[in-house]
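Here the structure is laid out as structure tokens; the discussion comes afterwards.
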Protein chains: 2
Amino acid sequence: MAVVKQRSACPISNSLEAWGDKWSLLIIRDLMFAKQLTYGDFLKAPEKIATNILAARLQALEENSIITKTVHPESRAKFLYQLTQKGIDLYPLMVEINLWAEKYYPIPEERKPLLALIHKDKEAFIKKSIEALTK
Amino acid sequence: MAVVKQRSACPISNSLEAWGDKWSLLIIRDLMFAKQLTYGDFLKAPEKIATNILAARLQALEENSIITKTVHPESRAKFLYQLTQKGIDLYPLMVEINLWAEKYYPIPEERKPLLALIHKDKEAFIKKSIEALTK
DNA sequence: ACATTTACTTGCAAAATGCAAGTAAATTAA
DNA sequence: TTAATTTACTTGCATTTTGCAAGTAAATGT
């Protein structure tokens with residue numbers, strides 16, 4: 001039995017151990033936008049994650065039940081990464097990050113329509129986005 | 001002029017550069033509970049941050065305008081660390097982390113009353129908590 | 001059969017974190 | 001008034017994580 005060390009019993013601390021590194025939330029972000037991605041898709045993100053780091057983070061996220069890895073239906077050479085319910089449930093958190101960032105950092109034009117929707121009705125936006133990921 | 005490199009223009013990415021390391025959110029958590037803390041207070045947290053790391057993170061958070069450092073009114077040997085408005089604005093984010101963690105990890109007994117308040121009326125809870133930090 | 005795509009792994013350098021001990025200014029105790 | 005203590009760090013070094021570049025292996029395309 002592998003024993004997972006935790007720094008403390010604090011929910012914040014435990015959460016950080018699941019996704020609180022330099023890359024995990026960016027991987028989760030990409031999956032929230034795209035619903036499903038291949039290894040190569042993640043490498044296309046503008047932050048340019050290194051291939052070994054990506055492999056390590058994907059594995060850790062899978063071990064933490066935040067994403068799943070399945071063979072691509074159209075090719076056995078590819079794998080599909082998707083969010084689990086646990087991963088999808090990070091959506092409200094991601095929305096709050098966006099709202100915070102909007103207040104303190106410049107927002108790229110192409111993200112502004114999304115933020116407008118959030119401001120219009122946050123709960124509805126989250127609900128609809130989660131439904132889109134679930135279906 | 002110091003140029004701050006950013007990995008991308010993404011709001012999530014920029015946010016992570018401000019507080020997306022192994023310790024910053026725990027420091028912010030402590031300040032949300034306590035409103036103001038000294039260097040020594042942070043060292044008492046159960047996660048046992050190393051002194052050099054604490055100094056480095058406090059400095060980075062100050063540089064990112066998330067916390068302030070002022071001399072303690074009662075002793076020039078101490079400094080008070082407090083959240084700025086930018087730091088306080090992370091409160092909704094912190095609440096969402098708690099709600100997510102509540103769903104997937106065991107929650108210590110002493111945190112459960114707080115979560116009950118959040119469930120009762122999230123917006124009211126956040127508003128009141130922020131007011132308490134601001135006054 | 002051979003080249004290409006895809007998902008990695010490997011080796012090594014650089015950066016961040018962790019540990020233990022040390023320092024310096026301010027405060028308190030003798 | 002001097003010495004011990006408190007407080008906030010810094011320093012040196014080991015360990016871990018991240019980053020870069022190149023390499024590998026299975027599946028697919030030509």
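Order of the sequence lines sets the chain letters (A, B, ...), proteins ahead of strands, with each chain counted from 1. These numbers were taken from a predicted model, which means no experiment stands behind them. Worth knowing before you read on, the calculation uses all heavy atoms, side chains too, and leaves out hydrogens, waters and symmetry mates.
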(message) Run B:K112 and B:E109 through salt bridge (charged side-chain N to carboxylate O under 4.0 Å, His left out) and show every step you take.
(response) CA-CA 5 Å; B:K112 288 183 181 175; B:E109 280 304 321; 2.9 Å; yes
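- One interatomic measurement links the two molecules: NE2 of A:H72 to C1' of D:dA27, which rounds to 13 Å at whole-angstrom precision.
- At whole-Å resolution of the value, CZ in A:F42 and C1' in C:dC8 are 14 Å apart.
- Put simply, A:R57 has a side-chain N or O that comes within less than 4.0 Å of OP1 or OP2 on D:dT18.
- Salt-bridge annotation for B:E96 and B:K122: present, with a side-chain N of the basic residue lying under 4.0 Å from a carboxylate O of the acidic one.
- Contact annotation for A:Y81: backbone-only contact, meaning every heavy-atom pair under 4.0 Å involves sugar-phosphate atoms and none involves a base.
- Across the protein-nucleic acid pair, B:L54 atom CG and C:dA20 atom C1' stand 16 Å apart, rounded to whole Å.
- Looking only at side-chain heavy atoms (C-beta outward), A:C10 and B:R29 come within less than 4.5 Å of each other.
- Residue-to-nucleotide contacts include a donor-acceptor pair under 3.5 Å from the side chain of A:T51 to the base of C:dT9.
- Using a 4.0 Å heavy-atom criterion, one finds that B:K69 contacts the sugar-phosphate atoms exclusively.
- At the phosphate of D:dT17, neither OP1 nor OP2 sits under 4.0 Å from any side-chain N or O atom of A:W23.
- Rounded to whole Å, the distance from CD on B:E17 to P on C:dA15 is 16 Å.
- Between A:W100 and B:W19, the ring-plane angle classifies as perpendicular under the 30° and 60° cut-offs.
- The distance from atom CD1 of B:I27 to atom C1' of C:dT17 is 13 Å, rounded to the nearest whole Å.
- The side chain of B:A50 lies closest to C:dC19, out of C:dT9, C:dT17, C:dC19.
- Proximity of B:K22 to the phosphate of C:dG18: a side-chain N or O atom is located under 4.0 Å from OP1 or OP2.
- For A:R76, the side-chain atoms get nearest to D:dA27 when compared with the rest of D:dA27, C:dA7, C:dT17.
- The separation between B:Y39 atom OH and C:dA25 atom P is 17 Å, rounded to whole Å.
- Rounded to a whole Å, the CG atom of B:D21 is 13 Å from the C1' atom of D:dT17.
- Take the nearest nucleotide of DNA chain C for A:L43 and for B:I49: the residue whose nucleotide is more 5' is A:L43.
- The base of D:dC9 has none of its N or O atoms less than 3.5 Å from a complementary donor or acceptor on the side chain of B:N52.
- At C:dT27, one or more side-chain N or O atoms of B:S75 fall inside 4.0 Å of OP1 or OP2 (strictly under the cut-off).
- Per the geometry, CD1 belonging to A:I53 stands 12 Å off C1' belonging to C:dT9, to the nearest Å.
- Under the 6.0 Å distance and 45° angle rule, A:K69 does not count as a cation-pi partner of A:Y81.
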